[in-house]
Amino acid sequence: MMSDEESQRNDRELGDAEGSDKEVPDDSSPGRGKFWGGRRFGRGAIVFALCLGLLAGLGVFTFGYGKGASYMSNNPETCVNCHVMQSHMDSWLQSSHHQVAVCNDCHLPHDFIGKWVTKADNGFFHSLAFTLGGFKDPIQIKPRNRRVTQGACIDCHQDLVHPLLPETAGGDMLMCVHCHTSVGHAAR
Amino acid sequence: MSIFERKQEARTPFVKVVEVSEISTDPEPWGLNFPQQYEDYLQTVNDSYTDFGGNHALPPSKLEEHPWLKRLFAGYAFSIDYREARGHAHMLSDQEVTRRVTEVQQAGACLHCHASIIPTYRRIGLQQQGGEVTAERLAESFDQPAVMAGFEAVSQKNYEDVHAELTKTPDGVVQAESGDPHLGDAHPVSCIDCHDPETMAIRVTRPGFILGMDKLAKSDDPVPHLPSVQKWRDSGAQGDYDPNTHATRQEMRSFVCGQCHVEYYCASKMTLTYPWSNGLKMEDLEQEWDETTFSDGEAFYDYVHKETGTKVFKAQHPEFELWSQGIHARSGVSCSDCHMPYEKRGATKVSSHWVRSPMENINKACQTCHHFPEQDLKQRVDLIQQRTSDLIERAATAMTDMLDAIVAAQASGASEQQLKPIRDLQRKAMWRLDFIASENSKGFHASQESARILAESVDYSRQAIAACYKLDSASTETE
Amino acid sequence: MSIFERKQEARTPFVKVVEVSEISTDPEPWGLNFPQQYEDYLQTVNDSYTDFGGNHALPPSKLEEHPWLKRLFAGYAFSIDYREARGHAHMLSDQEVTRRVTEVQQAGACLHCHASIIPTYRRIGLQQQGGEVTAERLAESFDQPAVMAGFEAVSQKNYEDVHAELTKTPDGVVQAESGDPHLGDAHPVSCIDCHDPETMAIRVTRPGFILGMDKLAKSDDPVPHLPSVQKWRDSGAQGDYDPNTHATRQEMRSFVCGQCHVEYYCASKMTLTYPWSNGLKMEDLEQEWDETTFSDGEAFYDYVHKETGTKVFKAQHPEFELWSQGIHARSGVSCSDCHMPYEKRGATKVSSHWVRSPMENINKACQTCHHFPEQDLKQRVDLIQQRTSDLIERAATAMTDMLDAIVAAQASGASEQQLKPIRDLQRKAMWRLDFIASENSKGFHASQESARILAESVDYSRQAIAACYKLDSASTETE
Ligand SMILES: [Ca+2]
Ligand SMILES: [Ca+2]
């Protein structure tokens with residue numbers, strides 16, 4: 001696992017929006033900063049997110065839409081239940097990965113625990129954001145979710161990208177999207 | 001530490017076919033471990049100017065292409081011989097044969113960037129400390145203090161003497177024979193200059209760069225493209241800034257090039273210096289030279305311009321500095337992203353070690369980020385370079401007009417006092433023109449900044465001309 | 001070009017609450033059909049210079065901010081009153097009250113870009129053909145020949161007379177009362193100027209632009225950013241190039257703005273002209289003015305510069321032309337992408353009709369394409385604009401020095417023949433400075449090109465100075 005120092009180094013990956021997410025106040029989404037930002041997560045917060053998230057994943061916040069539970073499925077259509085993600089869907093359909101990866105292949109960790117924690121956590125926050133509005137448009141991925149996608153790329157392309165891996169575990173490496181900006185979906 | 005974070009797994013350790021160590025300046029053994037990178041590296045012998053395949057004819061002369069350069073450099077070694085640069089494989093031999101070296105006495109510091117010289121620095125540094133220096137001791141570790149000491153010691157020595165030192169350093173390949181002082185071969189930039197032989201991590205080795213970066217970190221130049229510098233400043237600027245410990249991997253992918261592709265002073269009056277105390281902008285560098293004095297108290301200059309007698313500065317290939325002002329640096333794009341792009345080789349992808357113009361490799365160098373047709377991308381670069389070239393010619397015309405005017409003013413008896421402000425304008429105009437003309441991307445690395453600098457050059461040249469004419473009319477009036 | 005694909009999505013058909021037609025210059029009825037766009041449109045009354053919320057105090061004077069502008073424009077209406085531009089809602093009233101209009105006789109062509117004038121052109125055109133012109137006939141169709149005829153007819157008439165014509169054109173809202181000639185209100189740019197009332201497709205309506213684009217298409221200027229022009233040329237350049245039939249939707253998203261945000265001639269000696277016969281580059285425009293003669297055979301000029309007596313050109317807001325030279329145009333990015341970005345409103349996406357500075361809306365205007373934090377993007381723009389502003393000041397200093405030198409040369413009796421080449425330099429220098437200073441993005445629309453143009457301005461100003469001094473010393477020598 002990464003030490004805190006190393007993960008920060010990783011976050012500083014040049015040119016990536018996340019590099020300065022600490023400095024740039026995200027004024028468009030009040031109430032979210034309290035919970036957000038992987039590095040600031042304590043154990044308590046994780047448990048909290050887990051509980052609330054599971055609840056949310058079951059559709060508490062979005063029950064009115066009647067589609068909240070579909071979040072647990074693997075079908076890309078379920079993501080676009082929220083029209084805010086229509087453009088991602090549309091361009092995913094035209095992307096190089098359309099045949100090989102659905103949303104969850106990239107946006108969920110490939111190990112069991114991580115997968116469910118992330119689902120719960122994102123389920124909560126997506127629902128909250130969708131219900132309350134006030135999220136950034138175009139949507140901007142958070143540093144922690146960006147690490148999830150990075151992990152997904154590596155998982156599938158492990159052999160190919162061998163030279164990009166750090167010399168020592170937890171070391172610094174380039175974000176794949178630094179170069180492959182339109183893999184997955186060009187439009188945001 | 002968080003359970004959400006996927007740990008970044010390490011590369012599986014590579015299989016070393018042969019051992020390489022801190023004395024392995026010869027790339028061949030490294031090549032046994034990394035055949036692909038070695039094969040690419042050997043390609044740098046190819047040269048689009050001369051024949052492909054390692055023909056050693058010299059590349060075209062810039063002096064003949066741009067005759068105004070001769071007047072710009074009048075009185076300086078560059079007016080004798082100045083050519084197009086070419087691949088890394090040529091760097092040592094091109095230096096050995098340039099008439100700047102064969103006809104002018106040059107300093108040993110020239111080799112700082114043209115040879116794989118670090119073990120030699122280390123050996124000389126260790127020898128100064130008095131110990132016996134065996135190949136084993138040399139191979140043991142990088143030993144930065146010893147490298148620095150060696151660098152200081154030979155920087156102002158003669159070129160030939162330092163060159164001779166290279167072959168006295170064991171390289172682990174050449175076998176010493178009794179009575180033969182030849183212990184290793186001299187090589188151009190080699191694996192060891194950019195890689196840790198243990199881990200293969202990239203690193204910087206050049207003392208000039210390490211000292212320069214430390215000065216930069218201690219300045220107040222905002223360097224948004226170098227986040228590790230800002231971080232080091234924010235955390236209290238303790239001790240020295242050291243790229244090898246503080247920089248991100250992406251920064252390192254530019255720093256390895258910044259070791260050499262920079263403006264410098266390299267002659268006998270001072271140790272090799274990178275002028276970054278005030279920052280990386282053209283004006284910051286100029287300010288450092290303006291404020292420098294040699295040990296004898298004289299104000300810094302590179303050469304006395306022969307036609308006019310003005311003491312001026314010489315700018316050399318400030319790629320790193322100009323890149324720093326550009327949109328790519330600002331967006332986190334490193335030298336290696338464009339000049340050493342990844343290429344798929346078999347089941348893996350490797351960094352192309354055929355370091356060359358990205359325009360010969362647009363597909364890999366540009367199209368991963370820019371999804372436009374090759375031809376389109378080429379046209380964009382051409383347009384940027386054409387605008388820059390036109391402005392260079394414009395600034396060059398103004399510069400030569402200026403030289404004529406100053407020469408005429410001197411001929412009609414202008415006093416040194418009258419000439420002083422004119423000489424200042426001349427120095428500024430020439431520095432700016434040279435800065436962009438000697439930079440090798442023809443403006444691409446920072447397109448607007450290049451145009452800005454050339455605009456200033458034109459302005460100062462033409463101000464100097466007007467000032468000469470003014471003198472002229474003033475003096476004729478009082479005649 | 002995948003980034004734009006999603007912009008080409010089909011529109012869901014809209015429900016018309018009220019009918020609008022070719023006379024509907026009043027945006028209010030359109031607003032009933034498209035409340036969101038109308039609401040946004042009304043926001044253009046807001047103004048960051050004066051108070052938010054529609055305060056009608058005039059924006060700051062550019063003449064006071066940059067006193068050198070007064071000398072640049074000496075003898076021309078712009079030296080009396082020249083202010084920062086602001087939102088579209090103000091365009092008509094700002095023109096009505098500018099002292100350039102109240103104190104100087106202006107031409108009716110001024111209204112071409114400041115009012116929703118097309119139905120008035122059509123009415124006058126139809127009236128010239130002699131028929132009776134009812135509101136119904138006017139509303140029927142766009143009738144381009146009639147619009148062109150009306151445009152030609154009023155272009156050189158007095159401003160006040162043409163302004164009065166606006167209220168004589170029925171707009172479908174104002175109800176005619178017996179004995180009252182007032183049939184419609186005058187409006188600033190309105191829905192009908194950019195949209196077909198039947199289909200809501202975007203379109204261009206301005207005769208000046210339509211004629212200008214045709215000239216451009218018939219030139220040999222390579223315009224890689226306008227593929228439909230190349231296509232039209234390739235298919236034999238039959239008849240006239242017509243944006244409304246030939247242009248792509250993405251091109252149209254810039255053309256609607258290019259109707260007004262361009263360099264022009266607009267005064268009494270010639271019909272309103274967009275100078276694009278040779279191309280869109282600064283030099284191409286200059287060449288057209290250089291080669292133009294008025295009907296009386298005199299060479300084209302905009303004004304006689306008062307301090308020096310030189311006939312010079314005036315550049316006005318060449319946003320469309322400068323954008324054409326930039327990397328965004330080259331990459332297919334339209335004015336609307338940045339100045340009217342899509343915004344999610346409930347379940348749909350609409351184009352923000354609050355046309356304004358993208359820097360007030362970085363999130364939507366830039367971050368769709370550039371995944372960098374807002375602050376970062378702002379800094380990039382600031383840096384580009386700062387470099388441009390610095391160069392503008394540099395060029396302005398050179399320009400005022402030049403004026404001093406010419407005035408002095410004239411005072412010491414330089415002949416017209418001696419002054420001729422100097423006046424040519426002056427015209428070039430002033431044109432270039434004005435070109436970038438009057439363009440409204442402070443260099444952002446084409447950063448390197450802006451710096452290049454300013455470099456040339458400095459060069460010509462300072463050449464003129466030197467030439468004056470030379471005259472001076474020559475004349476004193478022969479005295
Ligand atoms: Ca130098
Ligand atoms: Ca004009």
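Note that the coordinates shown come from a computational prediction; the quantities given were computed from them, not determined experimentally. Numbers restart at 1 for each chain; the letters A, B, ... are given by sequence-line order, proteins then strands.
For chain B, the option among C:S447, C:A455, C:A451 with the highest count of heavy-atom pairs below 4.5 Å is C:S447. Taking chain B as the reference chain and counting heavy-atom pairs below 4.5 Å, the highest number among C:L391, C:I465, C:D401 is found for C:L391. The most heavy-atom pairs under 4.5 Å with chain B, out of C:Q379, C:R394, C:Q463, C:H370, come from C:R394. In terms of heavy-atom pairs under 4.5 Å with chain B, the best-connected choice from C:E449, C:R452, C:E456, C:R462 is C:R462.
At a threshold of 4.5 Å between non-hydrogen side-chain atoms, the residues B:Q325 and C:R387 count as touching.
No more than 12 heavy-atom neighbours from other residues, nucleotides or ligands sit within 6.0 angstrom of CG on B:D220. More than 12 heavy atoms of other shown residues, nucleotides or ligands fall within 6.0 angstrom of atom CD in B:E416.
Contacts of B:T397 with chain C are absent, with no heavy-atom separation under 4.5 Å from either backbone or side chain. Looking at C:T388, both its backbone and its side chain come within 4.5 Å of chain B, counting heavy atoms on both sides. Of the atoms belonging to B:L454, not a single heavy atom falls under 4.5 Å from chain C.
Looking at C:S331 and B:R380, their side chains do bring a donor and an acceptor atom within 3.5 Å of each other.
The two residues C:D376 and B:R330 make their nearest non-hydrogen contact at OD2-NH1, 3.6 Å. Nearest heavy-atom pair, C:I384 versus B:Q448, reported as atom, atom and distance to 0.1 Å: O-NE2, 3.2 Å.
In terms of the ring pair (Phe, Tyr, Trp, His ring centres under 6.0 Å) criterion, C:Y460 has no residue partners (sequence neighbours excluded).
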